[in-house]
Amino acid sequence: MTNKPGIGGLKFNESEVWDRSKKGRCAISLPKSDVKESRLDNSLIGDVPDLPQLSELDVVRHYTHLSQWNFGIDSGMYPLGSCTMKYNPKTNEIQANRQGFAAAHPFCGDQFSQGALKLMHTLETFLAHITGFDAVTVQPAAGAHGELTGMLMIHKYHEKNGRQRSKIIIPDTAHGTNPASASLCGYDSVKVSSGPNGILEPDAIAAVMDEDTAGIMITNPNTLGLFENNIKKITDIVHAKGGLVYGDGANMNAIMGVVKPGEIGIDVLHLNLHKTFSTPHGGGGPGAGPVAVNKILEPFLPVPRIVKETTKDKETYKFITHSPDTIGRMHTFYGHFGVLVRAYSYILSLGGKGLCDVSKLAVLNANYIKEKLKGTLNLPYDLPCMHECVFNDRIQKEFGITTMDMAKRLLDYGFHPPTIYFPLVVDGAFMVEPTETESKESIDQFIDAVESIAKEAKTNPEILKSAPHITKVTRLDEVTAARKPCLKG
Amino acid sequence: MTNKPGIGGLKFNESEVWDRSKKGRCAISLPKSDVKESRLDNSLIGDVPDLPQLSELDVVRHYTHLSQWNFGIDSGMYPLGSCTMKYNPKTNEIQANRQGFAAAHPFCGDQFSQGALKLMHTLETFLAHITGFDAVTVQPAAGAHGELTGMLMIHKYHEKNGRQRSKIIIPDTAHGTNPASASLCGYDSVKVSSGPNGILEPDAIAAVMDEDTAGIMITNPNTLGLFENNIKKITDIVHAKGGLVYGDGANMNAIMGVVKPGEIGIDVLHLNLHKTFSTPHGGGGPGAGPVAVNKILEPFLPVPRIVKETTKDKETYKFITHSPDTIGRMHTFYGHFGVLVRAYSYILSLGGKGLCDVSKLAVLNANYIKEKLKGTLNLPYDLPCMHECVFNDRIQKEFGITTMDMAKRLLDYGFHPPTIYFPLVVDGAFMVEPTETESKESIDQFIDAVESIAKEAKTNPEILKSAPHITKVTRLDEVTAARKPCLKG
Amino acid sequence: MRYLPHTKEDIESMLQITGHKTLENLFDSIPQNLKTNTGINIPDSLSEWDLNSHMIELASKNIPNKNYKYFIGAGSYDHYIPSIIPYLISRSEFMTAYTPYQPEIGQGTLQGIYEFQTMVAQLLGMDIATASHYDGGTALAEAALISLRTHKTANTVAVSNLVHPSHRQIIQTYLRPTQFKMVQIPSTKDGKTDLKALKSMDDLAGICVQSPNFFGNIEDFKQVRQICTDKNALMIASFTEALSYGLLKNPGGFGADIVAGEGQSLGISKSFGGPGLGLLTGTQKQMRNLPGRLVGKTKDINGKRGYVLTLATREQHIRREKATSNICSNNGLCAMTAGIYLATTGKIGIRKIAQLNHDKAIYLQNSLKEVGFIPAFNTPFFNEFVMKVPKGFKTKRNALAKKQSIFAGIDLEPFYPELKNHYLFCATETISKEDIDHLAKEVTS
Amino acid sequence: MRYLPHTKEDIESMLQITGHKTLENLFDSIPQNLKTNTGINIPDSLSEWDLNSHMIELASKNIPNKNYKYFIGAGSYDHYIPSIIPYLISRSEFMTAYTPYQPEIGQGTLQGIYEFQTMVAQLLGMDIATASHYDGGTALAEAALISLRTHKTANTVAVSNLVHPSHRQIIQTYLRPTQFKMVQIPSTKDGKTDLKALKSMDDLAGICVQSPNFFGNIEDFKQVRQICTDKNALMIASFTEALSYGLLKNPGGFGADIVAGEGQSLGISKSFGGPGLGLLTGTQKQMRNLPGRLVGKTKDINGKRGYVLTLATREQHIRREKATSNICSNNGLCAMTAGIYLATTGKIGIRKIAQLNHDKAIYLQNSLKEVGFIPAFNTPFFNEFVMKVPKGFKTKRNALAKKQSIFAGIDLEPFYPELKNHYLFCATETISKEDIDHLAKEVTS
Ligand SMILES: Cc1ncc(COP(=O)(O)O)c(C=O)c1O
Ligand SMILES: Cc1ncc(COP(=O)(O)O)c(C=O)c1O
């Protein structure tokens, strides 16, 4: 590949922050004290925490250098499957940082929080429209937190019906958070395998669904990037036995305006605002995992809920905490409000039609990559895909090259690698989700890179095995890290 | 040197912006049109400028990549002599970007611009206190612009006295802007050499000063980092012959609180807010070059001027444009207001005492480097220095190594090189100005780097001649660039 | 739309490759009956400029007067945030990265979080700090679950009723579907956890006490530790005001097994309650029981220092249904923010600022005393305390909030019905003497 | 102080090396009589927090109402600035770098400015654009000097009196000490430069006409070019509204030799008039006469594409007293900003936004007509125009400014005494129909 995005350049070593410390420095501006000092009883006072002592410039350089070692969406294509790494618009940051939002105290009272309440309430309505559900809570703090919220509601539902159940059906393609969330509700996961073409088969579900099973957790489109065509049959089977259907909506980016989970038998669904709705992932959160439900489950939504009261002359919004069947509270306050502001801004910026375009183009990009690369990499399921496509290293294995090697080599080419070794059903999975904000040009560059790496796998496998070469550090010893954990300095 | 700051890492190639262009893209959000379109006569309408067509993410990635190729103060030590590259506090940016300042229109009228007027007037007072002058204008847009302003005032002064003069004395150590500014006023530069110990000798001045000479331009501390000890004698000589003394205050960072130019015979002085007063240099400006004058020259200050009117119940500020002897206007509006806000914030943050500390520590850092490195590099003038010290490559020459080679090698070590080949009186000058915001640790690292490079000069000169090695590009062909200029794509 | 780079030509040439006529055809494989025909009922795209006006309007509905003054805390605190923090944190290399699954290009996040773990462990006096949880409440719920899961026999956790009310509710929510129970420890009339009552409780897997507690009062962790040892229960310490440990003896010092709490005070904006920062720390012994991400230090194959996510075998993506928790995305950028804040304040700043919080709170309490407010307890506190208010206060308070955006105390009755006319007050370093004097005048006049 | 890293120990150990007892001793070499004993009479250091309050207060004294509306331009224009621009420009790698004297680590600035030069040349239809000047006025003064310096015989430059008044004043200031003269070209009653009068002027080195001119009217560059040719004078075109060339024929198209003007409209905030962006461009023939920085494209020794500052032999640091100008630091970051703005608007956006400016201005003029304002001229304009106002307007205008931060027109009398009761109005894309209707109502009622 001629002129790959990745090249070497000058970066900076940076010691651990305390190695910059020098007794007597302080980087914060100390507010002047205008009242007299009041000493607490000595028995209550502790030693001063031994934090580093730096100047303001020390701090700025330290974190500037650290940032320069990171790869973000603004640095290049980030086709991390199942993560929907789309462009995070800068205007959303401006909105979230407005004093009226950023400085709002959660206990000012409804009367003084109308802006925040209206925003959250409107966002709930938007998300209900997008997913086809009757009610939404924006309280959950992340996708997994949304899953737990949803599963708690299912659990409470069965309890309310007077007979709790003990199991939950989870496909082998599910994300790890699904079974983990179910376990937190005391449900045993019953694993079902997807069929020969990567999607669930009704018979498989029918075979395990019974009156002791609370329901099923389905990710649709699933983590192979395939749409679960039998979803309606499956939900019927589950419903027929009194179970409920949990939908993992992390992949909603594929189907906005095309399919509404609420219309095809899903009872409860979570969304990842930090995926589909462009809020930055921040190197590990914060995200937000709103949960949408149908009428049956609405009574179980967590509190507080937001209601709108319209009198002829004005609208007012308020929190209500009294809700007899609620599962209770999931967050200390009302969820990740700052993240909600960003998602709300994104939805307004795209508009209803824009969101439909998003899904079409996301799916176009994924299918384009699938078609272009399927000769180069093995494609376990050669079917029309949705937002992502999953390859593996079967072809390269013969040269002793693994998915890991190819991923690391992609770093030298200047790309963030795809998600690897997930989903577990594909061994050596190489899971590519381009998202709609990548242009044809950058996608073609990515395709070139993968093709050229596939060539190298034949002609020069060593360069892959020893990759990456131009990053600040190369492959790290994760085994020792886990065997002799060093978790602080 | 073990563990030098500079290391290699992953960066990104970036084409020229138009190579990213694709017909039909637009990265700006188009305001909706709520009025009907009115066509101008076709004869007036031009072809659409052929600007690149990009998406928002294209723009963000393009400029993010470009930024990653740059070295700023936040990246590391930047000891560029005569440039005072100190830390640029982030809070100053916050202040300058407040809507009340950033969105202020210059023609709102005094009544609606009291905040801006008060800020500028107060800043003028502060600068007068710091420099010991009677009046200040903050209108000049940069140091050289300040020089021109000052020289125009001197010119007008002589004119007013009924006899214009034709020459101006300029020491060989002066910055290039000095003679260039004088030329703009039609003065011929009379060059005087500094004496054996790098400063001007009264006799040399006396020898050239006459009734046809408008005065002298002196930089003090001078560009060798030395204080002009004979300044008083010199100003007396010049004044005795009816000349005036222009002071280049670009190096004010050395003497705040120690010497006030206005008290030692200087008649007019410019300051560089983008040096002494921490405003960011922005890769080539914008800066600001306020000019301070004594009573004699005050009538000649450029218009508009800002005056304060105090009535018992309130203070008001206003612009006055009528000023019979003024040299006229230097800027379309009132100068680089946004830069003034930053400098004003800096002065308030340091306070009077803090500014004195600044100079002491800046001078301490420079003397420390001078002492530590004088064995390693040749020190043409081994005298107590002020804010900077000037070495050269005399020792390394013997291995065929030049200042240029050492500068380029410093890049591999992760430091911005000092100013090189200036001042012209020192051949192969290597001019180090650390500023007060560099800690002893970073200065010691710099010293280590220079020492280790000096060793390499002996043991491995090739590595210096071929430096830099880890930057995105290495030495560029400046000759062809100038011979066959390619100034646009 | 400026976020969507595809031109008509791009779409056509790509559709040729994928073998579809139109974009709609990409979804042909989905059965028709599953597709929606209701569209998306959301207004058309707003321009960036209309979005700005809309959001300015909406934001202004929250805090009308920009010179707001908060005399309230209760889990969300108004502290100064140095301008370098928003700048550094907004650098896209931090802001737009995913969880560092590829450590070679995530060293910025990884070293930053490793340093955060270290400084938080320092602050709380614990061996191990996790990379972050959603908030104080969810972190505390995880702590409760650890004690319950790891205890041989007991299936009850005792939680002081002076733990933040929301935190107790979250624990309830998390425990409901399990076989575990939560019992509440009553409080004494001097506003502290009733340790005598605690002594009489049995079969406890864990005992959870917050200090400073919801009333702002400092609890007696020494005794709590003793009781935990006697009852062979895990000592779980919690907090909502992280800055208090710039001044107070930290829970680690008392031998807490697990410390969980809220880190919002460490440079994170209030943002109507979230995102904050869930801190969860433990002793070495708890290492493998602690849920959530952990960054560890290691070397690359050339021996260069580097950092990785480690001990993943506790986590959902490896252990799936057997994981210690379902947590995946956490509050990484808030942890990075707190890390920068701790490095910025440093050893000198953290103590000075903590002391200042205490000084202002004492001055506030004295000022209110002088105008007829009565301290509900005389127990040492950090920057929050409870006062019985004179009558007529409620209306005055609302007027102040409405006219001047001054928020004077939180009515405790909704949380503790027995505390009619009791308000929880707070003062931080952002409150000046002048502000306090002004408040005192306003609430009397 | 947080900006000063030196600890007591640092200072002591460093003084040992330098051989001084105290910091004061560092200045012993300076004769005592030269030292000041008046100290620095400036208040003590403000904390970051007190600085914030102080600046918020000061800033609020400027534009009390944040929903300001500007119906004024006159060289400073209110245009939308996309949020990506402040973000990108504030990245410290751009913001805190010096002029790229070491190109190997300044490629970001260098390529960015090279692209800026290219796009500006494109916008104005010229061969060469310099890297930037201080503002439109100083750039124009440099242009005038070029014509005067390079002309064999003439020593006069003719400047239309419809060139921005400040620009004319700056030219005056710059010419005063020289042997050069400036003469003004009168204007016609349809608000354009009087070209007939110009024809009668002789011995001109350069002729300078602004379009759109200070009244907003579009000048006849075709004729100007003809006259310049006949008189063998350099044609210098100037402008204050760079966006107008998104719609209008550009000066290069008419054969201007030099084009100088203000680039503030290209993504730069008004900031009370500065820093703006001085644009100075010329034909190939003028290359070596153009003062200011120029970035050129070249290769490194490995043949890699790269950029450098070039043609430095024109500049003060090489040529010293013989330099084409004394300019050194210019407005680099503003040029980078404009470059980003031009790349963001692009070919599609620049035309749409320019057209929108014109549409709003026309709508504004019509609305004002309907309420009794009379157009001073009927000459085509871009986004500014002059109206004769009904009496009583001045007071209404002030009230509007005071109460609603609406600034309706600039009184032209101070600039052109003959134009009593004439105001210069402007409308840009930031003004909505609603705003205009509101203004029309306010100025009648
Ligand atoms: C399919 C799926 N479900 C759930 C999750 C969990 O979301 P979160 O990380 O926000 O908890 C993810 C995140 O990677 C996911 O990809
Ligand atoms: C001594 C001296 N004088 C004058 C100047 C010119 O200042 P400016 O670049 O702001 O025009 C400089 C800048 O390098 C300088 O160092």
Side-chain angles (χ1 to χ4, degrees), chain A residues 3-15 19-22 25 29 54-65 67-77 86-91 349 411-416 435-442 445 468-473, chain B residues 2-15 19-22 25 29 54-65 67-77 86-91 349 411-415 435-442 445 468-473:
Chain A
N3 157 11
K4 50 190 165 88
I7 52 168
L10 173 65
K11 298 233 172 167
F12 305 93
N13 259 317
E14 184 60 39
S15 67
D19 291 340
R20 275 184 174 267
S21 179
K22 183 71 120 0
R25 289 182 190 149
S29 183
L54 309 168
S55 74
E56 186 168 310
L57 180 53
D58 287 326
V59 175
V60 168
R61 282 193 183 151
H62 180 75
Y63 289 99
T64 298
H65 290 165
S67 75
Q68 291 166 337
W69 301 339
N70 257 20
F71 186 110
I73 295 171
D74 290 3
S75 313
M77 186 168 168
K86 61 174 68 181
Y87 171 56
N88 306 145
K90 304 292 177 209
T91 187
S349 300
L411 298 176
D412 290 333
Y413 278 73
F415 292 92
H416 194 289
T435 85
E436 73 283 358
T437 58
E438 291 304 321
S439 64
K440 179 170 184 298
E441 291 82 349
S442 59
Q445 264 193 328
H469 301 97
I470 62 180
T471 50
K472 174 176 180 287
V473 293
Chain B
T2 58
N3 150 15
K4 48 190 165 87
I7 51 167
L10 173 66
K11 297 232 173 169
F12 305 93
N13 258 315
E14 186 59 41
S15 67
D19 291 339
R20 274 184 175 267
S21 179
K22 182 72 113 9
R25 288 182 191 149
S29 182
L54 309 168
S55 74
E56 185 168 310
L57 179 54
D58 287 327
V59 175
V60 168
R61 282 195 183 150
H62 180 75
Y63 288 99
T64 298
H65 290 163
S67 74
Q68 290 166 337
W69 301 341
N70 256 21
F71 186 109
I73 296 171
D74 291 3
S75 313
M77 187 169 168
K86 62 173 67 178
Y87 171 56
N88 307 146
K90 304 293 176 208
T91 187
S349 300
L411 298 176
D412 290 333
Y413 278 73
F415 291 91
T435 85
E436 73 285 358
T437 58
E438 291 304 321
S439 64
K440 178 171 184 299
E441 291 82 349
S442 58
Q445 265 194 326
H469 301 97
I470 62 180
T471 50
K472 174 175 180 287
V473 294

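Just so it is clear: chains get the letters A, B, ... in the order the sequence lines come, proteins before strands, and each one is counted from 1. The structure presented is a predicted model; accordingly, all values stated were derived computationally and were not measured.
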Of all heavy-atom pairs linking A:E56 and B:K90, the shortest is OE2-N, 4.2 Å

Closest non-hydrogen atoms of A:H65 and B:D74, given as atom of the first, atom of the second and distance, are NE2-O, 4.0 Å

Choice from [options] maximising heavy atom contacts with chain B below 4.5 Å:
{"options": "A:R25, A:Q68, A:E14", "result": "A:R25"}
{"options": "A:I7, A:T91, A:L10, A:L411", "result": "A:I7"}
{"options": "A:G414, A:G76, A:S55, A:G6", "result": "A:G76"}

* Measure the shortest side-chain to side-chain distance between A:K11 and B:I470 over non-hydrogen atoms and say whether it is less than 4.5 angstrom. => no

**Prompt:** Looking at side-chain heavy atoms only, is the closest gap between A:I73 and B:R61 below 4.5 Å?
**Reply:**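 Side-chain contact under 4.5 Å: yes.
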
Chain A contacts, top residue of B:G8, B:S75, B:P89 (heavy-atom pairs, under 4.5 Å):
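Between B:G8, B:S75, B:P89, the count favours B:S75.
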
### Query
So what's closer than 4.5 Å to chain B heavy atoms on A:K4: side chain, backbone, both or neither?
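Backbone of A:K4 only, per the 4.5 Å heavy-atom cut-off to chain B.
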
ask   = Checking heavy atoms, do the side chain of A:F71, its backbone, both or neither come under 4.5 Å from chain B?
value =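 Contact with chain B is through the side chain of A:F71 alone.
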
One should read off an interatomic distance between B:R20 CZ and A:S439 OG, to the nearest 0.5 angstrom, of 7.0 Å

